[in-house]
Peer 1: 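Next up is a structure, given as structure tokens.
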Amino acid sequence: MKKKDNGKDGSQSVKLIRKSNNLVEGKYRFDIWEMRVFTKMLTLILPNDEDFKEYRIYLKDVIEDFNLTTDKQAYNLLKGGAVKLMKKEIKIVRDTDEGEKEFLTHIAVGLDSFTSKSQGSYIDISFHPKMKPFLLQLQTQFLMYDVRNILQLQSSFSVRIYELLKQYERIGKRTFTLTELKDTLAVADKYPLYANFKQRVILKAQEDLESYTDIKFTFEEDKRGKAVHSIVFFIFSNKTVVDERKLPENVEEIVPVANQQEQEEITSKEIHSLIEHFQGVNIKTVNEWLEKYPPKYVIERIETLKKYQKEGRVIKNPMGYLQKLMLQDVLFIPQKQETKSPKTDTKQQENIKVIIKRKEKELESLRIDYYENQNRLVSEFFIKNPDIQEKIIEGLTFGAEYNKQLSLEANLARASFVAVLNTKVRELYPTIFKELDEPFVRQENSLKQELRTLGWIG
């Protein structure tokens, strides 16, 4: 198998991976062929799918997507990866109304494959039904990224570390204890010695991510005595890859780095509004902070200052004090705060949860309106261009989403077929969606920023 030169040519169409955050944090270990089968399956899920389907994975597509050389063992490797994936279990720890629970399930079921590799051109496989909450109808608390970021990664550990850090890209920093990281990657038995783990997993991922993905990282080791206790990852946008990779129009909402400048402008305005009553404040200072620190870092220090003021501390020059706080990597909470009533803290947390739920409903409503308006635009486009409608639908009647046992009208009433139809129209005529997409992106990003300011990760 060989690597591609750079993986940044943009020749492939953008396909998106969507996973719940709980799944990203799950405890499991794949080899590279299990990861390839899993990744290919993920790209076949559509945003509006309500149930899993039997996914047909063609060997030629896997070879093309992952830029592999064809050899006599390719089909056996694909089939073998699927067989091992079916036997693989994943452990997911999640919070529920009843408390923290540990969920264990298999990942895939129902492999249908050829007995002879000479006949082998594809496999059919599906996800285990228990995986539905982590892959289908995701509205909040999920990670979404361009699959091109992981196609050239030759290590499944590099893929996992990419996803774990991609979740925290906007925060810019993520800390794991060494035990937590090994447990998440399920490698405590494989790399008991830290030196081997560092060389084979962390340094390998650092090299891979900088070569092929839209993020890169540095890291620091936090030691307790002579032993490494935890690892602090510092996450940065990988501008070399981002700039060289050609992105299609209107993907700001699905490829976060494409809309980074607008996000920074929104964040600076929001942060400025938190301190606009302080003497000497200006947007330039806020922008200077955001060039050096992640938004969450800046907001934490503003909140700390406001806590001090509420406690009655006299701070004559709040802006000067903030500048000092920005230089502190670690914030020290005053002793008085430790005696604060637990009831007050609980009430504040409950209020924040109420606000988050309200904002999540606003976000969900915005997305529903967007998809309804998208359907309306396509319908109006087809009314004006019946010949185009006929041609597009004719091409889709041979696809897996078109049910030949139903009439055309019945198929057009099915959400899964409508989603495929809309995707095809967007692919061929992207400009008709421009006026709809731009305000939606702005509103969605604004709501997301408000939520993240409250501690929401989604």
Side-chain angles (χ1 to χ4, degrees), residues 166-174 214-216 218 234-239 242-243 247 250-311 313-333 348 351-352 355-356 358-360 362-363 366 434-435 437-458:
K166 184 68 176 175
Q167 285 180 305
Y168 281 65
E169 181 183 10
R170 296 196 185 284
I171 297 173
K173 179 180 177 182
R174 183 163 196 185
D214 57 3
I215 61 172
K216 57 184 178 179
T218 59
F234 299 95
I235 309 156
F236 309 93
S237 173
N238 192 357
K239 294 189 180 297
V242 172
D243 292 343
L247 295 172
N250 299 326
V251 295
E252 294 91 340
E253 73 274 25
I254 56 179
V255 186
V257 294
N259 203 31
Q260 187 175 8
Q261 184 177 357
E262 181 182 8
Q263 290 285 1
E264 290 174 352
E265 291 173 358
I266 294 172
T267 304
S268 64
K269 291 175 184 176
E270 290 181 349
I271 292 176
H272 181 266
S273 69
L274 297 175
I275 55 175
E276 58 187 356
H277 57 288
F278 291 160
Q279 185 176 359
V281 67
N282 57 66
I283 196 72
K284 180 181 178 182
T285 300
V286 175
N287 284 328
E288 288 174 352
W289 288 341
L290 291 175
E291 288 177 3
K292 297 179 181 178
Y293 314 109
K296 185 176 180 181
Y297 180 102
V298 175
I299 291 170
E300 282 177 346
R301 278 138 188 81
I302 292 173
E303 290 174 345
T304 299
L305 172 60
K306 291 187 174 183
K307 284 179 183 178
Y308 291 171
Q309 290 178 319
K310 285 182 180 179
E311 291 167 359
R313 292 178 61 171
V314 178
I315 300 175
K316 295 181 180 180
N317 181 5
M319 285 302 295
Y321 199 89
L322 266 180
Q323 293 284 23
K324 291 181 180 179
L325 288 177
M326 293 299 163
L327 298 175
Q328 291 184 205
D329 290 335
V330 179
L331 291 174
F332 296 93
I333 306 301
Q348 288 177 348
N351 289 338
I352 290 173
I355 295 171
I356 287 176
R358 188 176 72 244
K359 293 292 182 183
E360 284 178 340
E362 288 180 31
L363 187 59
L366 176 69
K434 188 174 181 180
E435 292 184 3
D437 287 350
E438 289 180 350
F440 167 74
V441 171
R442 286 195 299 270
Q443 293 174 55
E444 185 187 48
N445 287 335
S446 179
L447 278 171
K448 284 182 178 179
Q449 285 299 320
E450 290 178 32
L451 281 161
R452 288 182 179 121
T453 301
L454 295 169
W456 176 84
I457 300 176

Peer 1: Write down the atom of Tyr168, the atom of Lys173, and the distance for their closest heavy-atom approach.
Peer 2: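 Minimum heavy-atom contact is CD2-O, 3.5 Å.
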Peer 1: Before accepting this row, confirm whether a basic side-chain N of the pair Glu169/Lys166 lies closer than 4.0 Å to the acidic partner's carboxylate O.
Peer 2: yes
Peer 1: Any side-chain heavy atom of Tyr321 sitting closer than 4.5 Å to one from Gln309?
Peer 2: no
Peer 1: Would you mind reporting whether Leu305 and Phe278 have side-chain heavy atoms less than 4.5 Å apart?
Peer 2: yes
Peer 1: By the definition side chain to side chain contact (heavy atoms under 4.5 Å, CB included), identify the one residue from Leu274, Val298, Ile271 that meets it with Val286.
Peer 2: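 Of all the options given, the one that passes is Ile271.
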Peer 1: Determine whether Lys306 and Ile302 satisfy the following criterion, side-chain contact (heavy atoms from CB on, under 4.5 Å), listing intermediate values before the conclusion.
Peer 2: CA-CA 6 Å; Lys306 291 187 174 183; Ile302 292 173; 4.1 Å; yes
Peer 1: So, taking the atom named CG in Leu290 and the one named CD1 in Ile283, what distance separates them when rounded to the nearest 0.5 Å?
Peer 2: 8.5 Å
Peer 1: If I take atom NZ from residue Lys316 and atom CD from residue Gln279, how far apart are they, to the nearest 0.5 angstrom?
Peer 2: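 It comes to 13.5 Å.
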Peer 1: Between Leu366 and Gln443, what is the shortest heavy-atom contact and its length?
Peer 2: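 In this case the closest contact between Leu366 and Gln443 is CD1-OE1, 3.4 Å.
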Peer 1: If I compare all heavy atoms of Gln323 with all of Thr285, which pair ends up nearest, and what's the gap?
Peer 2: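 Distance-wise, the nearest heavy atoms are NE2-CG2, 3.7 Å.
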Peer 1: Kindly compute the distance separating CG (Asp214) from CG (Asp243), expressed to the nearest 0.5 Å.
Peer 2: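 Going from the CG atom of Asp214 to the CG atom of Asp243 covers 11.5 Å.
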Peer 1: Write down the atom of Leu322, the atom of Ile275, and the distance for their closest heavy-atom approach.
Peer 2: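 Closest heavy-atom pair between Leu322 and Ile275: CD1-CG2, 4.2 Å.
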